[in-house]
Amino acid sequence: MSGILHIIGGGMAGLAAAVDVAGTGTRVIVHEAGRSCGGRARSYHDRHLDCRIDNGNHLLLSANSTVFRYLGITGALDTLSGPEEPIFPFVDLAEDARWTLDLSRGRLPLWVFQPHRRVPDMRLPELQSLYRLIRADAKTTVADCLLPGAFTRRLLEPFSISALNTLSDTGSAALLGAVVRESLSLGGHACVPWFARDGLSESLVDPAITYLGSMNAEVRTQTRITGLDVTKGRVSALHTAQDSIALSEQDHVIVATTAPVAETLLAPHMAGLVTPNAFESILNLHFRLKDAPRPVGSFARCGFMGVIGGVTEWVFLRGNILSVTVSAANRYASHDHEELARTIWTELRSACDAVLEQPLPQTPDAQRIVWEKRATFAATPEQNRRRPGPATPLVNLALAGDWTNTGLPATLEGAMRSGLRAVQALCLKTPA
């Protein structure tokens, strides 16, 4: 045995780190303050809807290599659903237009020369926006890079808001450029969309917990670490409300909490620690219907659809549940929630009725609004500069979380990548 790795936080960053280390000879203990692991990527039974829902919607791309490696290790690859092709159905409510973005399978962007596969009304010179994003420096915003036109309004701006969870006029072009480099610029094979077929916990959490158990790792839920002791430049003890956990010289710690919690824990021991301090929310609405809608066309093939020209941004269909995601939702914080829900349901009827065998009813049977107030750090150039790396002045402690400096915005891929980088920073494993 080579000591114990204590991971504080059972979100995606913490679970990725635990899965990476489990079975290597280092004992792993995950300390999660909540009743269950998963953070923003989990499922639960909603009493009002009387069904199981996700606390948010996450669309994966085949380029998300760290996520797919994690799913492979935990045996969860077969829990995903998707069209198995790089296709994305869209509707533009403002201009009453529908299309399916159908990317070329190879690296050459042949799709841009075929009108039936690309964004309607786009002009080829608008592709310069992608070049500008890829070349953007740390101070540039997304809006600085986008050329006016249909390609921007109907693809790049919605893509930017979804990826960054920040509006394009303040969002970091460097972060969006990193996403473009790892997806669209590699061709359609890197842009095949996937999502959890049954639920986020069923794909991302439950298989990982089972795997960790098989590797003799321990997951302690409802265990909040309230403080830590530092002796001679290393963490020597962890404290909970009930007791203290002494650490040996062979033990290590990864703090994989949210940025505010990490700062509270570490500020007394790490003078000058800087973390993101501005955040953006995500709004999710789940509508339950008496009967499951029967989709047609590309909506049926994909199970999701992008919506432009309204409040709604993405809609996912799972059985008799229609789920809507609205990113960068701080702009709607002052809106009445019920009125917002009515607006979105009206948009859903306009967006979906043409691609369903039967139109949606006037009102849903039941609905649930889930508002993640601090879903991600605000992905602005200023906040991006506040992201620390995994290494810290404490020799046996590293940081993880989508808010750390992963080079990506706050995505599942970024969160899991941060967990692996924290493991490497502690020299518990060498890079693959």
Side-chain angles (χ1 to χ4, degrees), residues 59 61-64 85-95 97-193 280 305-310 313-314 327-328 378-385 406-411 413-414:
L59 193 63
L61 295 180
S62 48
N64 298 150
E85 297 179 84
I87 60 173
F88 299 81
F90 282 94
V91 58
D92 188 337
L93 298 178
E95 299 184 2
R98 296 178 183 275
W99 67 95
T100 297
L101 182 67
D102 186 357
L103 302 177
S104 310
R105 278 53 177 172
R107 189 157 189 167
L108 289 176
L110 300 177
W111 60 275
V112 302
F113 302 107
Q114 299 174 284
H116 67 284
R117 299 175 63 180
R118 68 189 193 194
V119 175
D121 303 321
M122 69 171 282
R123 297 174 294 107
L124 293 183
E126 294 180 66
L127 293 171
Q128 293 180 55
S129 296
L130 295 176
Y131 178 79
R132 291 182 177 188
L133 288 169
I134 291 172
R135 302 275 295 179
D137 62 28
K139 297 180 180 180
T140 304
T141 67
V142 173
D144 293 332
C145 298
L146 300 185
L147 297 173
F151 187 57
T152 287
R153 195 181 79 81
R154 288 179 162 175
L155 182 61
L156 293 186
E157 281 192 345
F159 174 58
S160 173
I161 293 172
S162 297
L164 300 184
N165 194 36
T166 304
L167 296 178
S168 59
D169 59 344
T170 59
S172 165
L175 287 177
L176 186 61
V179 176
V180 172
R181 277 194 300 274
E182 294 192 15
S183 56
L184 193 58
S185 67
L186 297 179
H189 72 91
C191 300
V192 178
E280 260 288 359
M305 179 168 52
V307 183
I308 298 165
E313 292 175 358
W314 293 96
S327 301
T380 65
E382 294 76 19
Q383 291 298 308
N384 193 35
R385 289 193 290 270
T406 64
L408 293 174
T411 59
E413 176 69 15

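Atoms CG and CG, from Leu155 and Leu184 in turn, are 7.5 Å apart once rounded to the nearest 0.5 Å. Atoms CG and OG, from Asn165 and Ser327 in turn, are 5.0 Å apart once rounded to the nearest 0.5 Å. From Leu408, atom CG reaches atom CG of Leu175 across 7.5 Å, with rounding to the nearest 0.5 Å. The distance from atom CZ of Phe90 to atom OG1 of Thr100, rounded to the nearest 0.5 Å, is 9.5 Å. Here the CH2 atom belonging to Trp111 is positioned 10.0 Å from the CG atom belonging to Asp102, to the nearest 0.5 angstrom. Note that the CD atom of Glu157 and the CG atom of Asp169 stand 9.0 Å from one another [nearest 0.5 Å].
Closest approach of Ser183 to Ala63, counting heavy atoms only: CA-CB, 4.2 Å. What you find for Ala190 and Leu61 is that their closest heavy atoms are O-CB, 3.8 Å. Of all heavy-atom pairs between Pro193 and Phe88, the closest is CB-CE2, 3.8 Å.
The local environment of CZ in Arg135 is sparse, with at most 12 non-hydrogen atoms from other residues, nucleotides or ligands closer than 6.0 Å.
Remark: Ala138 pairs with no residue by the side chain to side chain contact (heavy atoms under 4.5 Å, CB included) rule, at least two apart or across chains. Ser129 meets the side chain to side chain contact (heavy atoms under 4.5 Å, CB included) test with Leu146, Leu147, Thr152, Leu156; sequence neighbours excluded. Applying the side chain to side chain donor-acceptor pair (under 3.5 Å) test to Thr141 and every residue at least two apart in sequence or in another chain returns Asp144. Checked against side chain to side chain contact (heavy atoms under 4.5 Å, CB included), Ala410 has the following partners two or more places apart in sequence or in another chain: Thr376, Phe377, Asp402. Applying the side chain to side chain donor-acceptor pair (under 3.5 Å) test to Glu126 and every residue at least two apart in sequence or in another chain returns nothing.
Annotation: side chain of Leu176 is in contact with side chain of Phe159 (closest heavy-atom distance under 4.5 Å). Contact of the His189 side chain with the Pro86 side chain is not registered, since no non-hydrogen atoms from C-beta on lie closer than 4.5 Å. By the 4.5 Å heavy-atom criterion applied to side chains, Leu124 and Phe113 are counted as neighbours. Side-chain atoms of Trp99 and Asp121, non-hydrogen and from C-beta on, never get closer than 4.5 Å to each other. Put simply, the side chain of Glu382 does not reach to within 4.5 Å of the side chain of Thr170, judged on heavy atoms. Looking at Ser172 and Gln383, their side chains never come closer than 4.5 Å, going by heavy atoms from C-beta outward. Proximity of Pro409 to Val179: side-chain heavy atoms (C-beta onward) are separated by under 4.5 Å at one or more points. Side-chain contact check for Ser185 versus Leu130: every heavy-atom pair is 4.5 Å or farther apart.
Judged by distance alone, the side chain of Thr166 and the main-chain N or O of Ala378 form no donor-acceptor pair under 3.5 Å. Between the side chain of Arg153 and the backbone N or O of Pro148, no donor-acceptor pair lies under 3.5 Å. Judged by distance alone, the side chain of Ser104 and the main-chain N or O of Leu110 form a donor-acceptor pair under 3.5 Å. For Arg105 (side chain) and Leu103 (main-chain N/O), a donor-acceptor pair under 3.5 Å exists by modelled atom type. The backbone N or O of Pro120 lies less than 3.5 Å from a partner atom in the side chain of Arg154, making a donor-acceptor pair.
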Notebook entry, point to check: Yes or no on side-chain contact (heavy atoms from CB on, under 4.5 Å) for Val192 and Glu85, after CA distance, side-chain angles and deciding distance?
Noted result: CA-CA 5 Å; Val192 178; Glu85 297 179 84; 5.8 Å; no

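For the salt bridge (Lys or Arg N to Asp or Glu O under 4.0 Å) condition, the pairs that include at least one residue of residues 170-187, sequence neighbours left out, are Glu182-Arg417.
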